[in-house]
Amino acid sequence: MSSSAAAAAPGLVLARDVSKTFGSRKALDGVSISVASGEMVALIGPSGSGKSTLLRSITGLQSIDAGAGTIQVFGETVQKDGRVTGAVRKARSKLGMIFQQFNLVGRLSLFSNVMLGALGRLPGWKGLLGLWPQADKDKAMAALHRVGVSDYAAQRANTLSGGQQQRGAIARAIVQGAKAILADEPVASLDPVSARKVMELLVELNKRDGMGVIVTLHQVDYAIRYCDRVIALQGGKIVYDGPSTALDQKRLIEIYGPEFEDAFWETKA
Ligand SMILES: Nc1ncnc2c1ncn2[C@@H]1O[C@H](COP(=O)(O)OP(=O)(O)OP(=O)(O)O)[C@@H](O)[C@H]1O
């Protein structure tokens, strides 16, 4: 790519002056962030600071306040004038979304769930009838193998462990051909070993495949260990945006308050 083409390539997220009000509470208050396409960024902050609201606004799952705020995803304006725009579909096709509660269809096999990632590329009736092209089936099995759960392909999703389901959700994003993963508390419901595996997978997709990753995390130590950049929210405002290596104890106490020690050591056991 020429340097001018690289300069023109749209980033993963460009959010300007984004606010979101629920009743009398400002969940986001004039937030602006810019995330390049191959970055891995942790969103941290105390409970209720606006992390999920920011992520949901980026994916267009929720509209932002009317006003000057705008959000672009891969160059598509997904939020403007307080409305989610029609361009959100195109943007979402490039985003793999991962949630705390896995969001797999429980009665379907793990394999079928992963195949759902290919739905956007197929006429709907073919997908509904399970008439998947062999190339997509191969891709799904390769993705399941890559995330380490191919042995469970035929098992119903609701009989799998949380860690297996979350890895399945990541396989679905791979099959979708996502250019980035937006993950909302992906490890909050997992035991420490499964949580580490999921974080390591996200890092691998970022470093090896160049996928952008934005991940909300409660565990500060995970943010520091796995993410190069951290954005911290407090009361809906950005209070830190920089390298994770520069997050020292003083800064973390500023972000979380004096209870920070508890939050930090929560996952050390
Ligand atoms: N749908 C909603 N209706 C009303 N208030 C909401 C809604 N969603 C979020 N809020 C409020 O907005 C604020 C930010 O919530 P948000 O879920 O974004 O925080 P968070 O940082 O992700 O918190 P946590 O770490 O506990 O998940 C909170 O005060 C929350 O109560």
Side-chain angles (χ1 to χ4, degrees), residues 12-13 15-33 35 40-67 69-71 73 78-79 82-84 88 92 95-103 162 166 169 180-192 194-195 198-199 202 213-227 229-242 244 247 251-268:
L12 167 46
V13 175
R16 286 212 184 100
D17 200 13
V18 172
S19 293
K20 176 66 187 177
T21 312
F22 292 108
S24 59
R25 190 181 304 273
K26 271 213 148 157
L28 294 175
D29 189 358
V31 166
S32 296
I33 63 167
V35 178
M40 177 143 180
V41 180
L43 284 182
I44 66 166
S47 182
S49 57
K51 305 179 292 294
S52 298
T53 303
L54 180 55
L55 213 65
R56 289 171 60 80
S57 301
I58 293 168
T59 54
L61 288 173
Q62 151 203 282
S63 61
I64 60 175
D65 288 352
T70 58
I71 302 180
V73 174
V78 298
Q79 300 250 13
R83 292 223 176 93
V84 177
V88 78
R92 272 194 203 145
L95 298 176
M97 293 185 237
I98 310 280
F99 301 92
Q100 179 178 349
Q101 292 309 328
F102 323 125
N103 283 52
Q166 201 59 302
I181 287 187
L182 300 199
D184 196 5
E185 301 288 357
V187 299
S189 304
L190 304 182
D191 65 276
S194 301
V198 165
M199 288 308 298
L202 293 178
V213 176
I214 303 178
V215 52
T216 70
L217 289 168
H218 273 136
Q219 302 92 333
V220 176
D221 54 330
Y222 282 8
I224 293 174
R225 196 182 320 159
Y226 296 110
C227 302
R229 176 179 168 197
V230 167
I231 296 175
L233 287 160
Q234 193 189 62
K237 289 180 191 283
I238 291 181
V239 290
Y240 180 81
D241 182 353
S244 51
L247 274 176
R251 274 225 159 90
L252 288 165
I253 288 173
E254 278 164 16
I255 296 165
Y256 285 96
E259 302 86 23
F260 150 72
E261 298 283 1
D262 300 339
F264 186 73
W265 294 110
E266 208 168 71
T267 58
K268 289 280 176 184

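Counting starts at 1 for both ligands and their atoms, following the listed order.
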Nearest heavy atom to atom 14 (C) of ligand 1: which of S47, G236, G45, G48 does it belong to?
G48
OG1 (T70) and CD1 (I64) are apart, to the nearest 0.5 Å, by 7.0 Å
Is it the side chain (CB and beyond), the backbone, both or neither of Q62 that lies under 4.0 Å from ligand 1, heavy atoms counted?
neither
With sequence neighbours left out, which residue pairs that include part of residues 180-192 fulfil the salt bridge (Lys or Arg N to Asp or Glu O under 4.0 Å) condition?
none
Contact with ligand 1 for S49, non-hydrogen, under 4.0 angstrom
yes
Interatomic spacing from CG in L61 to CG in L182 - rounded to 0.5 Å:
9.5 Å
Return the closest protein heavy atom for atom 21 (O) of ligand 1 as residue, atom name and distance.
K51 NZ, 2.8 Å
Can you tell me how far apart CG (L12) and CD1 (I214) are? Round to the nearest 0.5 Å.
4.5 Å
Counting only heavy atoms not in R229, do more than 12 fall under 6.0 Å of its CZ?
yes
Quick one: which ligand 1 atoms are inside 4.0 Å of a heavy atom on A27?
12 (O), 13 (C), 14 (C)
Could you tell me the residue and atom name of the protein heavy atom closest to atom 1 (N) of ligand 1, and the distance to it rounded to 0.1 Å?
F22 CE2, 3.6 Å
Tell me which protein heavy atom sits closest to atom 16 (P) of ligand 1, plus the residue, atom name and distance to 0.1 Å.
T53 OG1, 3.5 Å
Using 0.5 Å steps for rounding, measure from the CD atom of Q219 to the CZ atom of R225.
10.0 Å
With heavy atoms of H218 as the reference, note each atom of ligand 1 found under 4.0 Å away.
24 (P), 25 (O)
Touching ligand 1 at all, P46? Heavy atoms, strictly under 4.0 Å?
yes
Between S49 and Q234, do the side chains contain an N or O donor and an N or O acceptor separated by less than 3.5 Å?
no
Hey, which atoms in ligand 1 end up nearer than 4.0 Å to a heavy atom of R25?
29 (O)
Short check: is a protein heavy atom less than 4.0 Å from atom 30 (C) of ligand 1?
no
Taking atom 27 (O) of ligand 1 as the reference point, the nearest protein heavy atom with its distance:
S52 OG, 4.0 Å
First locate atom OG of S63, then atom CZ of R83, and finally report the distance between them rounded to the nearest 0.5 Å.
9.5 Å
